[in-house]
Undergrad: 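A single structure is presented below for examination.
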Amino acid sequence: MTQEELFKKLVAHSKEYGFIFQSSEIYDGLAAVYDYGQMGVELKNNLKRYWWESMVRLHQNIVGIDASIFMHPRTWEASGHVGAFNDPLIDNKDSKKRYRADVLIEEHAAKIDDKIDKEVEKARKRFGEAFDETQFRSTNARVLELQTRRDSVIERMNAALNASDFDALRQVIIDEEIADPVSGTRNWTEVRQFNLMFDTRIGAAADGASTIYLRPETAQGIFVNFLNVQKTGRMKIPFGIAQIGKAFRNEIVARQFIFRMREFEQMEMQFFVQPGSEMEWYEAWRTARMKWHRALGFGDGNYRFHEHEKLAHYANAACDIEYKFPFGFKEVEGIHSRTDFDLGQHEKFSGRKMRYHDPETGESYIPYVVETSIGVDRMVLQVLSAAYREEALDNGEERVVMAIPPALAPVKVAVLPLVKKDGLPEIAQEIVRTLRYDYALQYDEKDSIGKRYRRQDAIGTPLCVTVDHQTAEDGTVTVRYRDTMSQSRVPIAELHTLVGRETGMRGLLEKQM
Ligand code: GAP
């Protein structure tokens with residue numbers, strides 16, 4: 001199965017089992033907007049809990065807030081979003097499709113990367129055990145030629161973006177002969193700027209109403225509350241403020257399912273530090289955040305750092321954590337050293353002091369900020385992509401199993417009476433009553449036990465508890481494990497502890513510390 005086929009299957013599976021639906025589907029949907037179904041919302045909530053507990057509960061010096069989506073319009077002038085939150089757009093005159101010029105170029109560069117990888121793989125097969133990849137990459141003429149071309153494309157793109165030189169950006173597309181993936185032609189318009197913020201009106205009367213924006217990031221809600229939290233929480237630098245909430249961007253390139261949406265959710269943490277110490281904290285948060293991802297067990301090799309060559313207007317260092325999705329390595333989280341840009345700007349625009357008074361040194365200063373910013377929806381996609389498996393069973397059947405980390409699984413345990421008679425449903429219901437206060441569970445008595453196992457595999461339930469005739473005699477049940485399909489006999493009295501041990505968040509949180 002190709003990665004493209006796998007991804008199509010994943011999208012279909014997500015819908016079929018209630019993880020993710022297209023928004024307003026009965027009206028043919030709304031592009032790049034999605035709804036979470038009954039399973040998706042549980043998975044998403046568990047992911048948010050994993051992040052929140054790792055940030056807020058396990059750090060004495062990080063607290064949370066929940067700021068509004070609407071903010072005073074001056075916020076976005078101060079942050080630079082009104083002036084600089086733009087995408088460079090280009091249209092193909094034949095297909096009438098619109099693209100982000102930088103994305104077209106990046107995708108073109110990624111194709112050159114693929115060609116390099118193919119050369120490497122060919123050589124690996126040819127040389128077998130003796131193959132030295134580093135040496136091959138640094139000496140093979142074809143690879144070097146491709147690498148030089150790729151680097152030059154990215155370098156030219158970054159220079160054009162940094163200088164806001166849209167003619168130069170277009171020229172990269174022309175020189176590289178990049179074609180529209182839809183029409184296949186190179187009939188391009190000029191490159192234009194497009195602001196990504198959604199605006200709306202606040203207030204009832206048309207003349208008294210004013211334009212406000214739907215926030216394009218949650219971070220600004222943290223910056224404007226910096227002093228409120230610092231003072232009321234008696235926080236001492238270094239300290240962090242964490243927040244989970246919706247953000248909105250009028251994305252033009254809206255593809256790859258929930259990877260790039262117009263309404264999405266972010267989990268952001270701003271860490272306020274003494275000026276001059278930001279690089280130390282930047283390094284520390286890079287390491288901590290990578291550990292958080294890798295603790296999920298999806299394979300260390302499926303993550304990598306991508307250092308930003310083009311820094312945003314507010315940053316003096318920045319990188320992304322990328323995950324290997326079925327459509328390639330893509331950003332899931334950004335770690336940015338934002339200097340004192342945001343607090344400094346808010347001080348300037350609001351006329352209020354945004355300074356920290358150090359009680360020990362008597363010094364007063366605008367703190368520097370290291371930010372970690374991760375998309376909830378991209379995390380959901382990461383988990384779904386990593387978890388989806390098709391397996392051939394010994395009896396000739398097939399199963400689709402979602403190997404979701406148990407702590408994140410929407411349903412922790414399914415309670416299944418083997419048959420719908422002989423008092424077995426009553427015993428199963430009694431088990432449900434003892435477990436339901438602590439664990440998300442399902443009771444299912446319909447269809448054969450095999451079919452019920454398949455249904456639970458498809459939503460990623462880590463444990464199935466089967467009540468059979470032996471249960472009525474000796475008070476034991478069968479516990480079936482999702483990934484291995486192995487079964488063991490367990491006394492009912494031990495179930496509560498077992499489910500907690502196998503599916504609790506604690507193990508995951510300990511791993512990422
Ligand atoms: N406050 C900094 C900030 O917003 P960003 O790199 O623009 O930085 C951070 O966004 C994260 O938010 C990204 O790594 C990604 O996971 C998520 N994100 C951004 N735009 C998104 C979109 N259109 N759809 C889904 N997730 C998005």
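Atoms within a ligand are numbered from 1 in the order they appear, just like the ligands themselves. Atom set for the values below is all heavy atoms of this structure, side chains included, hydrogens, waters and symmetry mates excluded.
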Undergrad: Do any nitrogen or oxygen atoms of Tyr314 lie less than 3.5 angstrom from nitrogen or oxygen atoms of ligand 1?
TA: no

Undergrad: Near Glu371, which atoms of ligand 1 are under 4.0 Å from a heavy atom of that residue?
TA: 1 (N), 2 (C)

Undergrad: Can Lys111 and Glu176 be counted as an ion pair, charged N to O under 4.0 angstrom?
TA: no

Undergrad: Heavy-atom distances under 4.0 Å are what count here, so tell me which part of Gln220 touches ligand 1: side chain, backbone, both or neither.
TA: neither

Undergrad: Starting from atom 9 (C) of ligand 1, which protein heavy atom do you reach first, and at what distance in Å?
TA: Ser373 OG, 3.0 Å

Undergrad: Does the ring center of Phe327 lie less than 6.0 Å from the ring center of Phe325?
TA: yes

Undergrad: Under 3.5 Å, which donor-acceptor pairs do the side chains of residues 81-90 form with other protein atoms, sequence neighbours left out?
TA:
| unit_1 | atom_1 | unit_2 | atom_2 | d |
| --- | --- | --- | --- | --- |
| His81 | ND1 | Ser79 | OG | 2.6 |
| Asn86 | OD1 | Asn195 | ND2 | 3.3 |
| Asn86 | ND2 | Gly83 | O | 3.1 |

Undergrad: State the atoms of ligand 1, each with its element, that fall below the 4.0 Å cut-off from a heavy-atom position in Glu333.
TA: 14 (O)

Undergrad: Ligand 1 and Ile258, any nitrogen or oxygen pair closer than 3.5 angstrom?
TA: no

Undergrad: Would you mind telling me if ligand 1 is within reach of the side chain of Val332, the backbone, both or neither, using heavy atoms under 4.0 Å?
TA: backbone

Undergrad: Any atoms of ligand 1 less than 4.0 Å from a non-hydrogen atom of Phe259? List them with their elements.
TA: 24 (N), 25 (C), 26 (N)

Undergrad: Nearest to atom 7 (O) of ligand 1, what protein heavy atom do you find, and at what distance?
TA: Arg249 NH1, 2.8 Å

Undergrad: Report the nearest protein non-hydrogen atom to atom 15 (C) of ligand 1: residue, atom name, distance rounded to 0.1 Å.
TA: Arg378 NH1, 3.5 Å

Undergrad: Please report the C-alpha distance between Asp117 and Arg137 in whole Å, then the side-chain angles of each, then the deciding distance to 0.1 Å, and finally whether the salt bridge (charged side-chain N to carboxylate O under 4.0 Å, His left out) criterion is met.
TA: CA-CA 10 Å; Asp117 289 346; Arg137 281 182 184 271; 3.3 Å; yes

Undergrad: Need the ligand 1 atom indices (1-based, order shown) with element for anything under 4.0 Å from a heavy-atom of Glu268.
TA: 1 (N), 2 (C), 3 (C), 4 (O)

Undergrad: Here's a test for you: under side-chain hydrogen bond (donor to acceptor under 3.5 Å, both in side chains), which of Asn187, Thr189, Thr185 qualifies with Asn92?
TA: Thr185

Undergrad: How far is atom 24 (N) of ligand 1 from its nearest protein heavy atom, and which residue and atom name does that atom have?
TA: Met261 N, 2.9 Å

Undergrad: Provide the number and element of each atom of ligand 1 under 4.0 Å from a heavy atom of Glu217.
TA: 1 (N), 2 (C), 3 (C), 4 (O)

Undergrad: Looking only at protein heavy atoms, identify the closest one to atom 17 (C) of ligand 1 and say how far it is in Å.
TA: Gly375 CA, 3.7 Å

Undergrad: Any idea which atoms of ligand 1 are less than 4.0 Å away from a heavy-atom of Arg338?
TA: 1 (N), 2 (C)

Undergrad: With sequence neighbours left out, write down each residue that passes salt bridge (Lys or Arg N to Asp or Glu O under 4.0 Å) with Arg389, or none if nothing qualifies.
TA: none

Undergrad: Between His293 and Tyr323, is the ring centre distance below 6.0 Å?
TA: no

Undergrad: Among Phe259, Phe257, Phe264, Phe19, exactly one meets ring-ring contact (aromatic ring centres under 6.0 Å, His included) together with Tyr34. Which residue is that?
TA: Phe257

Undergrad: With distance as the sole test, does Arg170 use its side chain to make a donor-acceptor pair with the main-chain N or O of Trp188 at under 3.5 Å?
TA: yes

Undergrad: Between Phe298 and Tyr303, is the ring centroid distance below 6.0 Å?
TA: no

Undergrad: Can you confirm whether more than 12 heavy atoms, excluding those of Lys246, are under 6.0 Å from its NZ atom?
TA: yes

Undergrad: For His336, state whether at least one heavy atom is located under 4.0 Å from any atom of ligand 1.
TA: yes

Undergrad: What residue and atom, counting heavy atoms only, is the protein's closest point to atom 13 (C) of ligand 1, and at what distance?
TA: Glu331 OE2, 3.2 Å

Undergrad: Run the side-chain contact (heavy atoms from CB on, under 4.5 Å) check on Phe271 and Asn61 step by step: do they pass?
TA: CA-CA 9 Å; Phe271 201 69; Asn61 61 348; 3.8 Å; yes

Undergrad: Looking only at protein heavy atoms, which one is nearest to atom 18 (N) of ligand 1, and what is the separation?
TA: Phe264 CE1, 3.5 Å

Undergrad: What part of Gln266, side chain, backbone, both or neither, has a heavy atom within less than 4.0 angstrom of ligand 1?
TA: side chain

Undergrad: Can you check whether Ile374 has an N/O within less than 3.5 Å of an N/O in ligand 1?
TA: no

